[in-house]
Amino acid sequence: MKTIIEPFRIKTVEPIRMTTHEERTRLIKDADYNLFTLHSDDVLIDLLTDSGTGAMSAAQWAAVMRGDESYAGSPSYFRFRDAVQNLAPFKHIIPTHQGRAAEAILFSMFGGTGRLIPNNTHFDTTRGNIEASGALAHDLVIDEGKDPSNEHPFKGNMNLEKLDAYLAEHGDAVPCVMITITNNAGGGQPVSLANIQSTSELARKYGKPFFIDGCRFAENAWFIKQREKGQQDRSITEIVRDCFSVADGMTMSAKKDAFGNIGGWLAFNDDDLAEQARTHLIRTEGFPTYGGLSGRDLEALAQGLTEIVDEDYLRYRIRTNEYIVERLSALGIPVVKPAGGHAVFIDARSWLSHIDPLSYPGQALAVALYEIAGIRSCEIGTVMFGRHPDGSESPAAMDLVRLAIPRRTYTQSHADYIIEAFEELCEVRTSLKGYGIAWEPSLMRHFTCKFAPLD
Ligand code: F0G
């Protein structure tokens, strides 16, 4: 059969509250044109994030009932730990309430003024945690990864020559090397197994620990299986293990590729680093066998980790994104290609080229998509990355709008509705106007800033 169906049927449903174009125009104005400020029941299709928004399976809900809420030594922790180690064979698995809590602990240890941390592309919370410690975050993704239309199969790859030169030049200032799979900020693009291994070798050559931000490890492994020579006959689990086995540790948001609504972890091989992290954890998150999570959360994640590596699921998930990318391309809309693992990214800078990058073409597109169709998306561009620690502002590498697809949550007719919304947008594209920022906080401004439309 050519049709790739959702490999599940629906047992429980959540109603969507229908709204009109007129209502939405008022609602987004009241939200100061920031989509994060909207009430989510005023959204028809919520593509703000794929983080924590997935549907849990019947087996996960059943596991929730098994959750043991003991403060210390809960069997739920050990099931969680074993499920993580089955895929990511690190010695120490430290639960946290979400990914950024793991980052905050890691950079309380590796950050600090004068330090420099390279990554293919830092996600915004990773960058936020690094910069809050006084260190600087640098992105060294390959050039193809910054070109939305370049169809390189692994656009998330680290630029190895640049990393080598960076480590040679900055030496002592670099406490660790990171890589993010998939590269979220660069379009959900994968990193090849060979590139992960070479990055690890370079880190080792310079004596630096190597950490993987593994949020979307299963999607990354699916791409490796499809696209990397010699990987076709291997299981997703084997590929995932190979990716993590060359690292010294990882940060994880279990709200992505663990099918969790909440959760995360930090992992190390090194006993001393794990000890330091656990001490911090006890102060900020909780005892090391629950780390800010309930026993039932740990159970849901343990079960979720067995489901995320299912190939029927991964095939359907990636195919949905490809389908949307193909249809939007056919409408002449510039989209990041190939389709990303968790999201479809529109190149707003090029599609709305009449709007200057410092007037935020991505925000203009995201607001219009909400007004027209009630779809909530997210700007990943100059609003998110344009403000620098020294207070200056410059255009980000790209101005993208991300349609992040929650896991197992929406169906094919929702995908068709998204495409129809873009057909409508094609009609009004040239009349869309940019935005200014009326107020912003000192860090990670995109979450709470207030916009004002430009005339
Ligand atoms: N790293 C990456 C690559 C991420 O995409 C995220 C979150 C985090 C770390 C932080 O994890 O949310 O559990 O604290 N990304 C979400 C997103 C928020 O919408 O892309 P968290």
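Below, each value reflects all heavy atoms present in this structure, side chains not excepted, and no hydrogens, waters or symmetry copies. The residues of the chain are indexed from 1 along the displayed sequence. For ligands, and for the atoms within them, numbers begin at 1 and follow the listed sequence.
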Student: The test is side-chain hydrogen bond (donor to acceptor under 3.5 Å, both in side chains); show your working for Asp164 and Tyr206 and say whether it passes.
Tutor: CA-CA 9 Å; Asp164 199 353; Tyr206 289 91; 2.4 Å; yes
Student: For a quick check: using heavy atoms under 4.0 Å, what are the residues in contact with ligand 1, sorted by chain and number?
Tutor: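 For ligand 1, the contacting residues are Thr49, Ser51, Gln98, Gly99, Arg100, Glu103, Phe123, Thr125, Thr180, Asn184, Asp213, Cys215, Arg216, Ser253, Lys255, Lys256, Arg402.
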Student: Just to verify, what does Glu379 make a salt bridge (charged side-chain N to carboxylate O under 4.0 Å, His left out) with, not counting sequence neighbours?
Tutor: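 Checked Glu379 against salt bridge (charged side-chain N to carboxylate O under 4.0 Å, His left out); zero matches.
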Student: Identify, with sequence neighbours excluded, every residue that meets ring pair (Phe, Tyr, Trp, His ring centres under 6.0 Å) alongside Tyr323.
Tutor: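 Result, ring pair (Phe, Tyr, Trp, His ring centres under 6.0 Å) vs Tyr323: none returned.
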Student: For Glu6 and Tyr316, indicate whether the former's side chain and the latter's backbone hold a donor-acceptor pair under 3.5 Å.
Tutor: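 Here the side-chain-to-backbone pair does not exist.
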Student: Closest heavy-atom contact between Gly304 and Gln60?
Tutor: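 For Gly304 versus Gln60, the nearest heavy atoms are CA-NE2, 3.5 Å.
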Student: Can you sort out the partners of Phe223 under ring pair (Phe, Tyr, Trp, His ring centres under 6.0 Å), two or more places apart, ordered by chain and number?
Tutor: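 Ring pair (Phe, Tyr, Trp, His ring centres under 6.0 Å) list for Phe223, sorted by chain: empty.
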